[in-house]
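So that the names make sense, note that chain A is the first sequence line, chain B the second, and so on, each numbered from 1. This structure is a prediction, so every number in the text was calculated from the model and none was measured.
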Number of protein chains: 4
Amino acid sequence: MKAARVFRLSMAHPGDLSALARLIESGTVAAADVVAIIGKTEGNGGVNDFTRGYFTQTLMGLLSRHLGKPPEQLVREIPCVLSGGTEGVMSPHYHVLCISEADGSAKRHPSALAIGTAFSAPVAAEDVGRRAHVESVATAVRAAIAKAGIERPEDVHFVQVKCPCVTVARASAAIAAGKTPLTNDPNKSMAFARAAGAFGVALALGEIGPSDFDDTSLLSNFSIQSPRASISSGVEVESNEVVVLGNSPSWGGDLRIAHRPMSDALDIGGIVRVLADLGIAASPQVSAADARRIACVLVKCEPDRRGKIRGNRHTMLDDTDINAQRHIRGAVAGLVAGVIGDGRIFVSGGAEHQGPDGGGLIAVIASQQEG
Amino acid sequence: MKAARVFRLSMAHPGDLSALARLIESGTVAAADVVAIIGKTEGNGGVNDFTRGYFTQTLMGLLSRHLGKPPEQLVREIPCVLSGGTEGVMSPHYHVLCISEADGSAKRHPSALAIGTAFSAPVAAEDVGRRAHVESVATAVRAAIAKAGIERPEDVHFVQVKCPCVTVARASAAIAAGKTPLTNDPNKSMAFARAAGAFGVALALGEIGPSDFDDTSLLSNFSIQSPRASISSGVEVESNEVVVLGNSPSWGGDLRIAHRPMSDALDIGGIVRVLADLGIAASPQVSAADARRIACVLVKCEPDRRGKIRGNRHTMLDDTDINAQRHIRGAVAGLVAGVIGDGRIFVSGGAEHQGPDGGGLIAVIASQQEG
Amino acid sequence: MKAARVFRLSMAHPGDLSALARLIESGTVAAADVVAIIGKTEGNGGVNDFTRGYFTQTLMGLLSRHLGKPPEQLVREIPCVLSGGTEGVMSPHYHVLCISEADGSAKRHPSALAIGTAFSAPVAAEDVGRRAHVESVATAVRAAIAKAGIERPEDVHFVQVKCPCVTVARASAAIAAGKTPLTNDPNKSMAFARAAGAFGVALALGEIGPSDFDDTSLLSNFSIQSPRASISSGVEVESNEVVVLGNSPSWGGDLRIAHRPMSDALDIGGIVRVLADLGIAASPQVSAADARRIACVLVKCEPDRRGKIRGNRHTMLDDTDINAQRHIRGAVAGLVAGVIGDGRIFVSGGAEHQGPDGGGLIAVIASQQEG
Amino acid sequence: MKAARVFRLSMAHPGDLSALARLIESGTVAAADVVAIIGKTEGNGGVNDFTRGYFTQTLMGLLSRHLGKPPEQLVREIPCVLSGGTEGVMSPHYHVLCISEADGSAKRHPSALAIGTAFSAPVAAEDVGRRAHVESVATAVRAAIAKAGIERPEDVHFVQVKCPCVTVARASAAIAAGKTPLTNDPNKSMAFARAAGAFGVALALGEIGPSDFDDTSLLSNFSIQSPRASISSGVEVESNEVVVLGNSPSWGGDLRIAHRPMSDALDIGGIVRVLADLGIAASPQVSAADARRIACVLVKCEPDRRGKIRGNRHTMLDDTDINAQRHIRGAVAGLVAGVIGDGRIFVSGGAEHQGPDGGGLIAVIASQQEG
């Protein structure tokens, strides 16, 4: 029986994988058990955020030395989902997701964390943000669910997808080749790519059907949303990379995952509820003992595109100095970290179609062992 | 008997005082009752934040038309304390602090909000951030307390000071005149000015004595702190402007103020406690009915200068793209707004010597009438 | 006979009109002679740049005191065209354009600087960036040319238009009223507004005909361009404000204007040529004596949307930290200021359809008196 | 007889060394000939610029595969001097400096480009920006000159030093160890490190003597300057890395170097003069044929700390949104690129004590073969 383990590790800079290196060297983690990485690096989270590529290169170099496979192969086998931007109280960190044989002597829970991963084929520049992109994501998500062995759709709690986007250079190359990219504005391209990812998750989970949308629905029909989708987009990937997290009775191990939508950026209730789902109280902050049970906090959020939060004007979208995604990440991370009592949380912006409009979602992985 | 009233008003842009204009035109507020303004404008909060000057010019023009006094006189009579930067979920707004005759028929509380204001003489560029600056602030704070008629020092809950700082141009002029400004780095100057303000408040409140510090203590000896001081600094003022807020048995009206330190940027407990001091529960969020009782939320915060929050590295101080004060304001505002359920909160960075190192303080003014 | 005069004045901050106040008080300028202002303020040049509104409010207050007209009226009579952003070596300054009676005893030139101004009706949020906007601009440009008394189209050298754009708040209000704004992305709206302005100038000057374009041509068909159009866009105006500058034999005075396209951001040749048109050499820099002849330097520029300059990749469009318009203004201003030897130059980004794609234009006003 | 070669290569992103890989694979460059790299990456050039570390890791990985030495060793043998920030028209690129046996059949010049490199021991956090740091640099510079075999001091034209600086984390660690770093403000630390580098170059070249300065002279006595020093500072190095460039009669090859001070940010004359030193005219721009002769353009610049350029106020130092070094790099690069006609130029900010105050220097390497 398989068991999932999650290690939350800090880094001193985006090329610092020393914490993982120590775990491997000490034998706590076998390099071959590493199936995915989800982390926050201290870049700007935008098109020109190279901290993600730097981390990935370093990670693949480390694993390559231990596994004897070339980095170019590993990068197509192990999803490395990084969100740039540790605004405010966030602390740069990464979660190492591992699958190993369950400890037969450990207490068995009715259901435990299950992990599945998949890669799509590369997405052409002219397909980014369009139906072909949506379908490419959906296919990969279905493959990852199957790989995780999760049978009931409601047991899927979090689907992380890293989607490629289009830089000015890639757009120009596509145009030169007679293709028509959706946009040559890279920030816009990142947004459409995230929308395609969310639609792909919704399609794979049966939340929408193939005829429920067309190209014009993306970034337009916000009634279409998947409250379990978490999509990042970046210049450093060419394929969709998928990590599915859920619970399954056929997995061993001690961890469990829960998720809740966040109705808006002030929805502290959503945070408290997802913790309660895991038997953890926040009154107002999680206790030190319970905090040790928490292995991973995953949040998506979005500056409300209508320009107001609960009736009051916000200024995130009119700011030419600071990107709106940086604003919202910093604010929502401030709230979540305050409830959890820890800045090592994955808060990612760009939640288009991922949970309620102007809001997002929160998922937490915690140990089922109390105390 | 005097009574204090506080109106929290929104603005569409930094030159938009239309909400106050309407209150004056409708007779709700008499222009002569306005004694101070505390607000958040949507600038960057730095040296080149001109939203504060723009708002002030507009305000003084409005009051001038109603009071028949020239704006140049009003600006030296009515403190207009603005903090730039509405990062994240904050909404641009301003509090109009008014003093009028108490309504004799209204319920009388044992103690109620008292307000006092004062202006110092202009601070020379070479004095900014030094002992002369500290003493100038202390004198003004004492005058404001006397004016408020607050007799017990422990009844002072919040002392807002707006201090002048030094731009490159002002520093150059001082140097040309043979003077030696503390620094010609404007952001550094703002920090020293805030430190001088905090020392001045501590001195006036008897928290420190005249021999407890010298010039080198500012921005250096962080054991010196005033948990009731809130200091802003900006290029648009030449004098220290002081607003003292406390409770007094000799004031009528319905409002009361409380304050608490925040031990760090994750101290949700401090927020919940100050609300509890006013009989307001947050479980996890203030109810809509209680939210209507809240007239004003005032917060100071600071990126921990040791580079860590509860042992985890933060990246605010190493960021060349976004000023550290913008980072911390966005994060702490996210937390406070999530508990209060409202983005119209005054969260100001630069809390050097104002509350615990790496933390700050929160003060709340609320109605004493339940429901 | 009328004569145009141009005063280039410095400001200490965006609310500092003291230099103009002194000129008026000394009698050098009569307040009634001021017909337009063109200037650079030290904001970010983006949607949330309030330095323009602050300057305008201060200017109109000053003129109001001298002219006895209310500021609300003056703001609809005197175009105040401000471009935010004094990146790099640019120095905040403004040009006061005046029309007065020519000095009969002064030397008469065959042709001299002529100025005309006009205002359109307000542009509805849903019209911004569409044909109705284009036609509104064209009508105003024709009116300004007529007012300047310029008879030959080729004698028009520079048409400055300030166009309204749409903030998130304005877009939301329009949507609530059942209208469909072109975009609710404010930076996008500014770009479309600038395109509409350029099309309007081209239409008014006969460079294009009414059937040469439709709504989809804006920001799409870049073969449509007016090498004499300079368009700014900002949240603080609701009408199109037009200033036409040209030469006319029926005007007196000493000044003359010339213009040249700039083929790209490295086109130092265009700068040297426009100076040569006015009899000024730059070898490599304008001499101090000739520099004193220069009254005004006006430049439009644009980050090449194809992502390359002369075959080499630039990074302006992929930068999430610094807005691309800020990048290009700083670079082109560095070049122009180096040739002129002075940082008081008006360099404005957002040159869509204003001169060659990826380039822009330069216009210079100089005295015809040598030495 | 040795000969120096310089290859100027473009990169698609900071981890893209494919152009060098192709040169090695094609045999144009032998990996063992590479002695130093000088380049511009598209980060922010500040403390949190990780594009430099990313590039360096990729470079050392590439060379390691060809040379069979571990990257950890190569990084201590081959200076990789990267300046972050390709503001405005700059294009990300790197110069590969190679030394190989001179082609005996090629034309012999009286003097030709000579290259020498050296590394110092690591600099302790508490030494950064102090005399120990200065002396460490001077020793390394002398070693590099000796290695280059340059006998006359006046034949040294450019000394590039990359100095370590102190992050908040490093400063905290030093303090915890009982040491006293000069500052824990990382941007300040970078400035002091650059000053130490410039003093070290001046000391090594005999421009100053050991008794001409003490710790307080750095960033204070700006009459001390080395017009041949170019200092970068970054978090990714712990030692001083030195590259000396000069001319020598004992070297073969076709290249030659010249340098000139730039008196301020508008000094186009300095640019034209250094080109003239190499027999290249700019009237106003370098011709396409001459542009092909240019192998490398190296510029240092600095926002004038007195807040004015030629009497006009600039706003770089008062800007809380954009770092002053980014401003000045963009402006000066705009000027230099306009004269050269090419954006592949190394323009680095932070020119404290490197050339005239408020100015900097320019060095150019060009072929001695005409046409």
Side-chain angles (χ1 to χ4, degrees), chain C residues 10-13 41-44 85-93 264-273 282-285 291 301 303-304 308-316 318-319 321-324 326-344 347, chain D residues 10-13 41-44 85-93 264-273 282-285 291 301 303-304 308-316 318-319 321-324 326-344 347:
Chain C
S10 292
M11 62 182 111
H13 59 77
T41 54
E42 59 200 282
N44 61 25
T86 53
E87 294 80 11
V89 297
M90 272 187 282
S91 184
H93 70 285
D264 63 19
L266 305 182
D267 186 14
I268 191 174
I271 306 167
V272 170
R273 278 188 290 275
S283 51
Q285 196 168 71
C301 56
D304 196 299
K308 291 190 175 183
I309 301 173
R310 302 196 185 178
N312 293 314
R313 181 172 71 99
H314 69 78
T315 61
M316 296 183 265
D318 284 340
D319 191 343
D321 300 315
I322 299 183
N323 182 274
R326 304 204 73 177
H327 270 295
I328 193 67
R329 279 195 302 260
V332 172
L335 179 57
V336 176
V339 174
I340 305 284
D342 195 316
R344 293 170 300 162
V347 178
Chain D
S10 292
M11 62 183 110
H13 59 78
T41 54
E42 59 200 283
N44 62 24
T86 53
E87 294 81 11
V89 298
M90 270 186 283
S91 185
H93 70 285
D264 64 18
L266 305 182
D267 185 15
I268 191 174
I271 306 167
V272 171
R273 278 189 290 275
S283 51
Q285 197 168 71
C301 56
D304 196 299
K308 292 190 174 183
I309 301 173
R310 301 195 186 179
N312 294 312
R313 181 173 70 98
H314 70 77
T315 61
M316 296 183 266
D318 284 340
D319 192 342
D321 299 316
I322 299 182
N323 183 275
R326 305 203 71 177
H327 270 294
I328 192 68
R329 279 195 301 261
V332 172
L335 178 57
V336 175
V339 174
I340 304 284
D342 195 316
R344 293 171 300 163
V347 179

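Contacts with chain D were tallied for Ala12(C), Gly343(C), Ala282(C), Ala333(C); Ala12(C) has the most, counting heavy-atom pairs under 4.5 Å. For the options His93(D), Gln285(D), Met316(D), Lys308(D), heavy-atom pairs under 4.5 Å to chain C are most numerous at Gln285(D). Of the listed residues (Gly88(C), Gly269(C), Ser283(C)), the one with the most heavy-atom contacts under 4.5 Å to chain D is Gly88(C). For the set Ile328(D), Asp321(D), Leu266(D), Val339(D), the count of heavy-atom pairs under 4.5 angstrom toward chain C peaks at Leu266(D). By number of non-hydrogen pairs under 4.5 angstrom with chain C, the leading residue of Asp267(D), Asn44(D), Ile268(D) is Ile268(D). Ranking Thr86(C), Ile309(C), Asp342(C), Leu335(C) against chain D, the residue ahead of the rest is Leu335(C), based on heavy-atom pairs under 4.5 Å.
The side chain to side chain donor-acceptor pair (under 3.5 Å) search around Asp318(C) returns none, not counting sequence neighbours. The side chain to side chain donor-acceptor pair (under 3.5 Å) search around His327(C) returns Asp319(C), not counting sequence neighbours.
For Val332(D), no part lies under 4.5 angstrom from a heavy atom of chain C. Only the side chain of Arg326(D) comes within less than 4.5 Å of a heavy atom in chain C; its backbone stays farther off. Both the backbone and the side chain of Ala337(D) come within contact range of chain C, each with at least one heavy atom under 4.5 Å from a heavy atom of that chain. Residue contact with chain C, scored on non-hydrogen atoms closer than 4.5 Å, involves the side chain of Glu42(D) exclusively. Both the backbone and the side chain of Asn312(D) come within less than 4.5 Å of a heavy atom in chain C.
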- Item | side-chain contact (heavy atoms from CB on, under 4.5 Å) between Val347(D) and Glu87(D), intermediate numbers included | CA-CA 9 Å; Val347(D) 179; Glu87(D) 294 81 11; over 6 Å; no
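Heavy-atom minimum distance, Arg344(D) versus Ser91(D): CG-CB, 3.9 Å. Considering every non-hydrogen atom in both Asp264(C) and Arg310(C), the closest pair reads OD2-NE, 2.8 Å.
For Arg313(D) (side chain) and Pro92(C) (main-chain N/O), no donor-acceptor pair under 3.5 Å exists by modelled atom type.
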